[in-house]
Protein chains: 2
Amino acid sequence: MSNPLPVVDVTGAACCAPLARSPISETDAERVAVMFKALGDPVRLRLFSNIASAEGGEACVCDIQDVGVSQPTVSHHLRKLREAGLLESERRGSWVYYRVDPDVLAVMAELLAPVSA
Amino acid sequence: MSNPLPVVDVTGAACCAPLARSPISETDAERVAVMFKALGDPVRLRLFSNIASAEGGEACVCDIQDVGVSQPTVSHHLRKLREAGLLESERRGSWVYYRVDPDVLAVMAELLAPVSA
DNA sequence: TGTCGACATCGACAACCATCGAAACCGCGT
DNA sequence: ACGCGGTTTCGATGGTTGTCGATGTCGACA
C-alpha cells in the first residue's frame, strides 16, 4: 500500500491563494478541482468525515465501511480520496488504516477563506 | 432570473460542524456534497474564483467567459454553481451579473476547519 | 501448508456529465 | 417594429463515474 499510485501533490509549492483573493490559474484549478471533486460525493464525504473525526485521527476500514454501499465500493471511494491527496493509508497487521493528510484541511480551508473586503 | 430554480439551502440551519469534529450525517452529506461537487470542475473553479475575486464582488458573464470553453458551456457551469447555492445572479440591462453567496465561503471554510486535536 | 478474514482489483453496466452547435429569449437602441 | 448583442435553453454525443458481484492478494493463525 502506501501509495504506489498517481497522487496529486498538494503540499508542494504555493497552492494556493484564497479563491476570493485572485483568479486561480488554469493549472492550479486543475489540481484543486481534483480535491473538491473527491469531496463531491455523499459517500466519500461521510468516509472522509468518519476518518477525520476518529480517535487518533485515523480509522480502520472495518470501522467506517457502514455507509450503505458494498465493500468494494467503499474501497473504490477510499482509493479516490487517496489519489486526490486527501488521505493516506497504511497496513498494520490484517487491517488497513486511513488518516487525513496532515496539511490538506488547512490548504482547503485557506482556499475558501473569505477575503476581508 | 433571480432563481426560479431548485437551489440548495445552505444558510438555513446548523450546516454543519467541521468534518473533522464529528461524522457528518447522511442527509447533511447529501447537501454538502452538492457544493463540493460544484467546485470539483476546473472550469467552474476558475469561474467561481473570477467572480469571487472581482471588483465589488460581482462580475458580468462577459467579463469572465474567457476560460477556454464555448459560451453556452460557461452558462451551463454558472447554472450549476447557482443551483448548488454558491452563486447568485441578477440581470441589469443587457448583462447578467453573478456574485458569490455571502455566507457560502464561511460555511465551507468552517466545514474544513482543522479541529484542534 | 492450508484456511480464514480484511481489503483491493477486475469487468460490466447504467446513470450522469461536460461539451458543442443551433435555436430561443430578452433588453436595448434605432 | 425591427434588428442586434448578450445570455440561456435545447438536443445530441462521447466520456466519466458510482455501483455491484466475482475474484485476487496479503497477513495471521492453526
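Sequence lines set the chain letters: A, B, ... in the order given, protein chains first and strands last, and positions in each chain run from 1. Note that this is a predicted model, so its numbers are computed, not measured.
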| request: Scan A/Ser94 against the nucleic acid and name what it touches under 4.0 Å (heavy atoms): base, sugar-phosphate only, or nothing. | output: sugar-phosphate

| note | Of the candidates C/dC20, D/dT17, D/dT7, the side chain of A/Lys37 sits closest to D/dT17

| said: With a sphere of 6.0 Å drawn around CD of A/Glu26, does it hold more than 12 non-hydrogen atoms of other residues, nucleotides or ligands? | reply: no

| query | Could you state the CD1-P distance from B/Ile64 to D/dT8, rounded to the nearest angstrom? | reply | 9 Å

| Only one of A/Leu78, A/Val104, A/Leu47 clears side-chain contact (heavy atoms from CB on, under 4.5 Å) with A/Leu87; which? | A/Leu78

| Interatomic distance, B/Arg92 CZ vs C/dC26 C1' [rounded to whole Å] | 17 Å

| task | In whole angstrom, give the distance that lies between atom CG of B/Asp63 and atom P of D/dG5. | result | 18 Å

| task | Measure from the side chain of B/Ser70, starting at C-beta and using heavy atoms only, and say which of C/dC7, C/dC20, D/dC20 lies closest. | result | C/dC20

| query | From D/dT19, C/dC17, C/dT19, pick the nucleotide closest to the side chain of B/Lys80? | reply | C/dC17

| task | For the side chain of B/Cys62, starting at C-beta, report the closest nucleotide among C/dA8, D/dC26, D/dT7. | result | D/dT7

| query | Considering only D/dT17, D/dC20, C/dA18, which nucleotide approaches the side chain of B/Asp41 most closely? | reply | C/dA18

| said: Please determine whether a side-chain nitrogen or oxygen atom of A/Tyr98 lies at a distance below 4.0 Å from atom OP1 or OP2 of C/dA8. | reply: yes

| task | Please determine if a side-chain N or O atom of A/Arg91 lies less than 4.0 Å away from the OP1 or OP2 oxygen of D/dG27. | result | no

| request: Nearest whole angstrom, please: distance from the P of D/dG18 to the CD of B/Glu30. | output: 13 Å

| task | Measure from the side chain of B/Arg44, starting at C-beta and using heavy atoms only, and say which of D/dG6, C/dA18, D/dT17 lies closest. | result | C/dA18

| remark: To the nearest angstrom, the CD-C1' distance between B/Glu83 and C/dC17 comes to 13 Å

| task | Verify the contact: side-chain N or O of A/Ser75 to OP1 or OP2 of C/dA8, cut-off strictly under 4.0 Å; return yes or no. | result | yes

| message | For B/Glu30, is there an ion pair with A/Arg46 - N to carboxylate O distance below 4.0 angstrom? | response | no

| request: Classify the side chain of A/Gln71 and the base of C/dA8 as holding, or not holding, a donor-acceptor pair under 3.5 Å. | output: yes

| Between P of D/dC20 and CD of A/Gln65, the distance in whole Å | 12 Å

| query | To the nearest Å, how far apart are A/Arg82 CZ and C/dT9 P? | reply | 7 Å

| task | Using the closest heavy atom to pick a nucleotide of DNA chain C for each, name whichever of B/His77 or B/Pro72 lands nearer the 5' end. | result | B/His77

| query | Between B/Ser22 (side chain) and B/Ala17 (backbone), is there a donor-acceptor pair under 3.5 Å? | reply | no

| note | B/Asp66 CG to D/dG6 C1', in whole Å, measures 16 Å

| field | Upstream residue (5' side of DNA chain D) when A/His76 and B/Val74 are each assigned their closest nucleotide | value | B/Val74

| said: Using a 3.5 Å distance criterion without hydrogens, assess whether the side chain of B/Ser53 forms a donor-acceptor pair with backbone atoms of B/Ser49. | reply: yes

| Does the B/Arg91 side chain pair with the main chain of B/Val96, one donor and one acceptor, at a distance under 3.5 Å? | no

| message | Between B/Arg79 and D/dT9, is there a contact of a side-chain N or O with OP1 or OP2 at under 4.0 Å? | response | yes

| Nearest to the side chain of B/Trp95, which nucleotide is it out of D/dT7, C/dC20, C/dT9? | D/dT7

| task | Would you mind telling me which of C/dA8, D/dT19, D/dT8 lies closest to the side-chain atoms of B/Val61? | result | D/dT8

